[in-house]
A.B. asks: 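Below you'll find the structure I mean.
Each ligand, and each atom within it, is numbered from 1 in the order the structure gives.
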Amino acid sequence: MSRLFLDHNATTPLKPAVKEAMVAAMELGNPSSVHAEGRAARAALEKARETLAVAFDADPSGIIFTSGGTETINTALWGMVRREKDPVKRLFISAVEHDAALNCARAIAASGRAEMEIIPVTGTGEIDTDWLVHRLQFYDAAADGPFLVAVMAANNENGVIQPIEAVRPLIFEKGGLLFVDAVQAAGKLPISFNNLQADIMAVSGHKIAGPKGVGAMFVKPGLVFEPLLQGGGQELRRRVGTENVVGICGLGAAAEAIDLEAMAALGPRRDAIEAGLRAAGIDGLRIWGEAAARTPNTLCFSAPGFTSEIQVMAMDLAGIAVSAGSACSSGKVKASHVVTALGAVEDEAVSTLRVSLGWDTPEDVAERFLTAWQEAYCRARKGQAA
Ligand code: PLP
């Protein structure tokens with residue numbers, strides 16, 4: 001039987017149309033060259049920008065190509081605290097942001113350029129809007145300096161959709177800036193950059209069935225930030241270096257191929273897995289984010305006593321790719337800061353599994369997943385009892 005890839009939140013397999021676009025772009029020239037070869041590359045690049053603008057309802061002039069989510073986040077945060085005029089002096093960042101954002105904010109705080117404050121989350125996995133509203137009500141931007149709020153659109157581990165609209169009016173009323181990491185929401189939920197009204201938004205190619213190492217930064221018209229890199233004049237000096245033409249063409253094709261209906265249809269399949277787990281009588285089962293609106297493809301649960309590492313290995317042997325709450329670059333699993341922020345105790349934190357479906361997930365996914373997982377669970381319990 002073919003393998004079952006249920007780790008789409010880590011990375012998505014390329015759609016065939018994306019591969020085709022990338023192969024076609026391989027021979028293109030340098031988009032900065034004025035000759036015909038260069039002009040062809042420029043045309044392909046601008047076509048991809050237009051496609052992204054349509055897919056995410058944004059002005060193409062505010063779309064900057066980057067190397068992915070991490071670079072966009074770093075450019076956004078460092079770019080706002082380092083800019084000459086009105087540099088940001090305080091970062092409010094949610095407790096469940098991706099490490100790319102949290103570690104960037106920590107580095108900024110350590111540099112002394114801005115203070116950092118963590119926005120707590122409630123047990124549902126959503127940011128504590130009361131906390132933020134209360135904190136901002138008493139924020140005096142004139143005395144304390146310009147501030148930026150960083151809240152992701154949807155979480156990578158549990159899929160929880162953040163209630164950005166609930167806090168946006170107050171952020172703007174207080175003169176703050178809003179950065180939205182939409183890396184996991186893109187391709188899974190409808191996104192309009194115009195309606196979101198964020199100052200900056202991040203999207204990554206490899207989470208929307210596009211290539212790794214490419215992404216986009218969406219900025220409001222006229223927003224000024226200090227670029228991360230110095231070099232030539234590419235991307236209007238906002239992101240210099242010869243553009244990753246192949247990646248950008250792949251990103252454009254991936255944006256064009258976004259199919260939100262197919263994504264929504266994954267919801268019942270995810271729910272069937274969830275229902276199967278609930279019916280299995282697992283001691284201490286916790287489904288993270290179950291009370292909140294979630295991306296339709298994501299399920300995150302803990303089965304105390306059955307460690308994430310063993311689960312991932314057992315499922316891999318059964319031909320199914322899943323991940324622990326969050327994958328660490330070292331390959332080692334550590335307790336995820338996300339479930340910990342939701343109140344997970346140690347036993348729960350170290351037994352978390354993330355199952356993320358995607359465009360190539362078959363209809364019988366719940367049956368296949370549940371059979372393999374329950375077998376592994378029973379084996380592990382027998383081993384413990386012996
Ligand atoms: N933000 C979120 C929510 C993510 O899930 C990820 C990747 O897992 C990133 C940012 C980083 O994106 P990239 O892998 O493109 O650097």
A.B. asks: Give yes or no for whether the N/O distance cutoff of 3.5 Å, strictly under, is met between Lys207 and ligand 1.
C.D. replies: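 Yes, Lys207 has an N/O under 3.5 Å of an N/O on ligand 1.
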A.B. asks: Mark the output for Ile73 as yes if a heavy-atom distance to ligand 1 is under 4.0 Å, and as no if none is.
C.D. replies: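 Yes, Ile73 has heavy atoms under 4.0 Å from ligand 1.
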A.B. asks: Angle between ring planes, Phe92 versus Tyr139, binned at 30° and 60°: parallel, tilted or perpendicular?
C.D. replies: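 Phe92 and Tyr139: perpendicular rings.
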A.B. asks: For ligand 1, which part of Thr70 has a heavy atom less than 4.0 Å away: the side chain, the backbone, both, or neither?
C.D. replies: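 Thr70 to ligand 1: contacts from backbone and side chain alike.
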A.B. asks: When you measure from the heavy atoms of Glu71 to every atom of ligand 1, does any distance fall below 4.0 Å?
C.D. replies: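 In this structure, Glu71 fails to qualify as a contact of ligand 1 - no heavy atom is under 4.0 Å.
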A.B. asks: Which ligand 1 atoms does Gly68 reach within 4.0 Å, using its non-hydrogen atoms?
C.D. replies: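 Atoms satisfying the 4.0 Å criterion: 15 (O).
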A.B. asks: Applying a 4.0 Å heavy-atom criterion (strictly less than), which segment of Met152 is in contact with ligand 1: side chain, backbone, both, or neither?
C.D. replies: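 Met152 to ligand 1: side-chain contact only, backbone stays beyond 4.0 Å.
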A.B. asks: Please tell me whether Val365 and Val312 are part of a single hydrophobic cluster in this structure, the criterion being side-chain heavy atoms less than 4.5 Å apart.
C.D. replies: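 Yes; tracing contacts between hydrophobic side chains, which count when under 4.5 Å, links both residues.
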A.B. asks: I'd like to check Leu170 versus Phe172 (side-chain heavy atoms, cut-off strictly below 4.5 Å). Are they in contact?
C.D. replies: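 A side-chain contact is absent here, since even the closest heavy-atom pair is not under 4.5 Å.
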A.B. asks: Does the pair Arg294 and Glu274 meet the rule for a salt bridge (Lys or Arg N to Asp or Glu O under 4.0 Å), with working shown?
C.D. replies: CA-CA 13 Å; Arg294 283 175 291 167; Glu274 206 169 297; 3.2 Å; yes
A.B. asks: Taking only heavy atoms of Asn156 into account, list the atoms of ligand 1 that are under 4.0 Å away from them.
C.D. replies: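 Near Asn156, meaning under 4.0 Å from one of its heavy atoms, ligand 1 has 3 (C), 5 (O).
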A.B. asks: What protein heavy atom sits nearest atom 5 (O) of ligand 1, and how far away is it?
C.D. replies: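 The answer is Gln184 NE2, 2.8 Å.
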A.B. asks: Would you mind checking which non-hydrogen protein atom is closest to atom 10 (C) of ligand 1, with the distance to 0.1 Å?
C.D. replies: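 Looking only at protein heavy atoms, the one closest to atom 10 (C) of ligand 1 is Asp181 OD2, 3.6 Å.
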A.B. asks: Answer yes if Ile118 and Val167 sit in the same cluster of Ile, Leu, Val, Met, Phe, Trp and Tyr residues linked by side chain heavy atoms under 4.5 Å apart, and no otherwise.
C.D. replies: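 No, separate clusters.
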A.B. asks: Are any of the N/O atoms on Ser204, whether in the backbone or the side chain, positioned under 3.5 angstrom from an N/O atom of ligand 1?
C.D. replies: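 So ligand 1 has an N or O lying under 3.5 Å from an N or O of Ser204.
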A.B. asks: Can you confirm whether the side chains of His8 and Asp360 place a donor and an acceptor under 3.5 Å from each other?
C.D. replies: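 Distance-only check passes for His8 and Asp360.
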A.B. asks: For ligand 1, is there an atom lying under 4.0 Å from some heavy atom of His206?
C.D. replies: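 It does; at least one heavy atom falls under 4.0 Å.
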A.B. asks: What protein heavy atom sits nearest atom 4 (C) of ligand 1, and how far away is it?
C.D. replies: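 Nearest protein contact, heavy atoms only, for atom 4 (C) of ligand 1 is His98 CD2, 3.2 Å.
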A.B. asks: Under 3.5 Å between some N or O of ligand 1 and some N or O of Ala154?
C.D. replies: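 For ligand 1, there is no N or O atom that lies under 3.5 Å from one belonging to Ala154.
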A.B. asks: Looking at atom 12 (O) of ligand 1, what's its closest protein heavy atom, distance included?
C.D. replies: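 Answer, as residue, atom name and distance: Gly69 CA, 3.4 Å.
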A.B. asks: Answer yes or no: is there a side-chain heavy-atom contact under 4.5 Å between Ile191 and Met201?
C.D. replies: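 Ile191 vs Met201: side chains touch.
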A.B. asks: If you draw the axis of the six-membered ring of Phe306, does the NZ or CZ of Lys382 fall within 45° of it and under 6.0 Å from the ring centre?
C.D. replies: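 No cation-pi geometry.
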A.B. asks: Quick one: CH2 on Trp78 to CD1 on Ile73, what's the gap to the nearest 0.5 Å?
C.D. replies: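 Reported value, rounded in 0.5 Å steps: 14.5 Å.
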